[in-house]
4 protein chains.
Amino acid sequence: MSLAESGTGVEQPGRGRPRSEAVERAIIEGTMKLLEEGVPLGEVSIERIARTAGVGKATIYRRWSGKEELFVDVLRAAEPADPELPGTSLRDDLIVLLESVRRRGLATRSSAILHNVRAQMKSSPRIWAAYHNTVVEPRRRIGLEVVRRGQENGELRTDLDRELLYDIFVGPMLVRAVLHPDSDLAEGLAERMVDALLAGLRPVSSPETRH
Amino acid sequence: MSLAESGTGVEQPGRGRPRSEAVERAIIEGTMKLLEEGVPLGEVSIERIARTAGVGKATIYRRWSGKEELFVDVLRAAEPADPELPGTSLRDDLIVLLESVRRRGLATRSSAILHNVRAQMKSSPRIWAAYHNTVVEPRRRIGLEVVRRGQENGELRTDLDRELLYDIFVGPMLVRAVLHPDSDLAEGLAERMVDALLAGLRPVSSPETRH
Amino acid sequence: MSLAESGTGVEQPGRGRPRSEAVERAIIEGTMKLLEEGVPLGEVSIERIARTAGVGKATIYRRWSGKEELFVDVLRAAEPADPELPGTSLRDDLIVLLESVRRRGLATRSSAILHNVRAQMKSSPRIWAAYHNTVVEPRRRIGLEVVRRGQENGELRTDLDRELLYDIFVGPMLVRAVLHPDSDLAEGLAERMVDALLAGLRPVSSPETRH
Amino acid sequence: MSLAESGTGVEQPGRGRPRSEAVERAIIEGTMKLLEEGVPLGEVSIERIARTAGVGKATIYRRWSGKEELFVDVLRAAEPADPELPGTSLRDDLIVLLESVRRRGLATRSSAILHNVRAQMKSSPRIWAAYHNTVVEPRRRIGLEVVRRGQENGELRTDLDRELLYDIFVGPMLVRAVLHPDSDLAEGLAERMVDALLAGLRPVSSPETRH
DNA sequence: GCCTAACCGAGACGGTACGTCACGTCTTTTA
DNA sequence: TAAAAGACGTGACGTACCGTCTCGGTTAGGC
């Protein structure tokens, strides 16, 4: 479901020729093709996307109100799926979580431009909000849930609020992956980080540390 | 010294009318004025900057090769000064460091656009590198030095490399300040963070791990 | 019968849903409505006509192959009927003829746009030919017949060919009515013109050249 | 002097780079080239003119506010010069006058499109007025002067107003040349017309008809 | 006190992209 | 099968900026 559609609500189906889903895919894939080919972001114009996708400009504007809202959907289509959490322990869940952040940093680096597209989106509060709500926030919610379970199971201090704990766990990796994408993202980094962080965040007088 | 000048090397001074420094200031301040007035970043064109500053377009191009390089200098002029470190203890230094990150997040929120300018710059690797080298990297260097002193003084585990430790300290606050600028940046946050993090990162053989 | 139909030949009547004549009228009247409302000719698009007439675009294209051919029929519907000739004398016939030209000039001025539609049509030779054949030429034929009768009855010189005589009679009024529609088209003008022209065009051997 | 300039009055000379006259010529000649090549009038877009003239669109819009006003200047550049009147007699002057109308009809036919451009211009009252004032009206003034001299010299009835006489002389030829450009415009036509018309328009009791 | 080179403002220039609109064609559903 | 509705590829519209290039007019040395 595109940003535009989500804003305008449901459309009654019957009237007139329906919009082609194939066209929608062609536009998003055409945009990706340009980005993957290394076309500088500033040269990825609606006009050029239309040419690449073999589509009229109006067909794009019928679906998205501008380049930025199109990019939200392009990014959404390019984002890797959220990871399956093992649920065996706080440590295991955190490692999987940070691993996915790390891999996203790597993937971003390989097709380096997607990274910039994400950065670009912050130019418009409206667009950033759309991306934040549909991609960033759900992910954060998953992490907060992991923290909550950790506190419930006695694996984590309860005198710090969940938000703070979440940022402490994810922040270091996120900074590397997103803000310094050219930094070291070696394998095993997630495990080392989690262990270093957990060392001081377990309950003070924890009877059973569970492993 | 502007990015352009730094790239093109020294200019012999004598020949012809020298460039006016007043004009240079007018351009940078005109750009800031536009950004502070809430003009959307996409509408801050060279043409408009020239109009606002009462300056010919060519006068801008004579100094910077494009909008992005101009923005580097605008940002540099707007960045708050790096904080003075007390040097009394690792904990004190880290708190001052994180406080400055926090305040930068607050400042950014108030004049919200500078934030986006910074984001925008990631679109061009060349520009991002310039900003990174002259603003981001020096700051990181200061932080790494703090970490190094902490390890030397026996206030910090030495089995983790400095880069990792630095990211662990700064990452959580940076994520809040830069990636989620609408998140909670309450006063005292820096202190709480530093304490929570130091808890597990003091040397193992330290007599009192938690004061 | 529309231009399109006349070109495509007879349609077999039986097959499927028959075309609605009401729709045909709605289209032509919708077009006139737009023109009478003073919509600039350039803004009278097929799309707008369809909207005004409450009709699908395809329904228009099913009947006419373009805006110009539609205009031929619109104009044809708007043209006033040819006048009844008294036949009592050459002078009387000519006056009636010129009067109708004059009145057409006046009508044109009041709903000034029809005039421009006619002008517009000259842009396409094909369209102009269609209009010429079905509207202009029949009228000319009537006038030539008047001239012929005048020569036969001895009211007109026979040493000048009919075409020339016709143009001499109609030209002056036509120029005023069509080319200079803001010129003087006072009542009685037709009579004065005919008299002035007939003065030198009666047969030479006529006993009384001027009554 | 272009239509636009004539409307905006004098421009102060000094400020900024002056407009290139060569560019102005290139645009007008490019437009003519397209018309002469037989490009249908509807396909002569500003975009295409710009491409043909090797010029940016903005450069055209800087001088003319639209296609129609450009066409006024194109037409003005294409119009043949007004003829030199011999002044030896009314008959001679009229023949020269009608000859120029006839030749204009012929020229128009050869490069048939200019004719349509003129027709097209009637679509906009404003444009037509501009063309009328700078091309049509001056010509009419010359003709009226010929008529005036004819009456003064006793070569023409004085009981008919000059406007009427002028239309009677020029109308027949104009109708052929402009409204029916595919009609017969044989050589000698002007002479025959003038003689036929003068026959009845000389003063009634003229003592000396001056041959 | 000139000379001259580079500066400065203004704005024209060839381009390119913008977002809108109309073109004429093509699916849809409904009647 | 016609009809209304409206999506579709195409391409022109008029505007705004891009970065470059003249213009006339400063503004500094160096002579």
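Note that the structure is predicted; figures quoted are calculated from it, not measured. So that the names make sense, note that chain A is the first sequence line, chain B the second, and so on, each numbered from 1.
- Taking 4.0 angstrom as the limit, A:R62 places a side-chain polar atom (N or O) nearer than this to OP1 or OP2 of F:dC8.
- Along DNA chain F, the nucleotide nearest to A:A53 and the one nearest to C:A53 differ in position, and the one closer to the 5' end is contacted by C:A53.
- The pair C:E69-C:R63 does not meet the salt-bridge criterion, since no charged nitrogen lies less than 4.0 angstrom from a carboxylate oxygen.
- Closest to the side chain of D:P18, from the set E:dA10, F:dC23, E:dG19, is F:dC23.
- The distance between atom CD1 of D:I49 and atom C1' of F:dG14, rounded to the nearest whole Å, is 14 Å.
- In this model, the phosphate group of E:dC7 is approached by a side-chain N or O of B:R19 to a distance below 4.0 Å at OP1 or OP2.
- Between D:E24 atom CD and E:dA12 atom P there is a gap of 12 Å when expressed in whole angstrom units.
- Nearest nucleotide to the side chain of D:V23, out of E:dG14, F:dA28, E:dG11: E:dG14.
- Residue B:A50 is classed as having no contact, given no heavy-atom separation below 4.0 Å to the nucleic acid.
- Comparing C:G56 and D:I46, the nucleotide of DNA chain F nearest to each residue sits closer to the 5' end for C:G56.
- Atom CD in C:E47 sits about 15 Å away from atom P in F:dA4, given to the nearest Å.
- Nearest heavy-atom pair across B:T134 and B:R76 is OG1-NH1, 3.0 Å.
- Between the P atom of F:dC8 and the CZ atom of A:R25 lies a distance of 13 Å, rounded to the nearest Å.
- At the heavy-atom level, B:G66 lies nowhere under 4.0 Å from the strands shown.
- Separating the CD atom in B:E24 from the OG1 atom in B:T59 is a distance of 11.0 Å, to the nearest 0.5 Å.
- Distance B:E68 CD to F:dC18 P: 10 Å, rounded to the nearest Å.
- Between D:T59 and E:dG14 there is a side-chain N or O to OP1 or OP2 distance below 4.0 Å.
- To the nearest angstrom, P of E:dG15 lies 18 Å from CZ of A:R48.
- For the pair A:I60 CD1 and E:dA17 P, the interatomic distance rounds to 13 Å; values are reported in whole Å.
- For B:R63 and E:dC8, the shortest distance from a side-chain N or O to OP1 or OP2 is below 4.0 Å.
- At a cut-off of 3.5 angstrom, the base of E:dG24 holds at least one donor-acceptor pair with the side chain of C:K57.
- Each of D:V55 and A:E43 was assigned the nucleotide of DNA chain E with the nearest heavy atom; the assignment lying further toward the 5' end belongs to D:V55.
- A 4.5 Å side-chain heavy-atom check between B:W128 and B:E68 finds every atom pair outside the cut-off.
- In the set F:dA5, F:dC13, E:dC18, the nucleotide with an atom closest to the side chain of A:K67 is E:dC18.
- The interatomic distance linking A:I27 (CD1) with F:dC8 (C1') rounds to 11 Å, in whole Å.
- For the pair B:R17 and E:dC7, the criterion of a side-chain N or O lying under 4.0 Å from OP1 or OP2 is not met.
- With DNA chain E read from its 5' end, the first of the two nearest nucleotides for A:Y61 and C:Y61 is the one closest to A:Y61.
- Atoms OG1 and CG, from A:T52 and A:L34 in turn, are 4.0 Å apart once rounded to the nearest 0.5 Å.
- Here C:K33 contributes atom NZ and C:I28 contributes atom CD1; the two are 16.0 Å apart, rounded to the nearest 0.5 Å.
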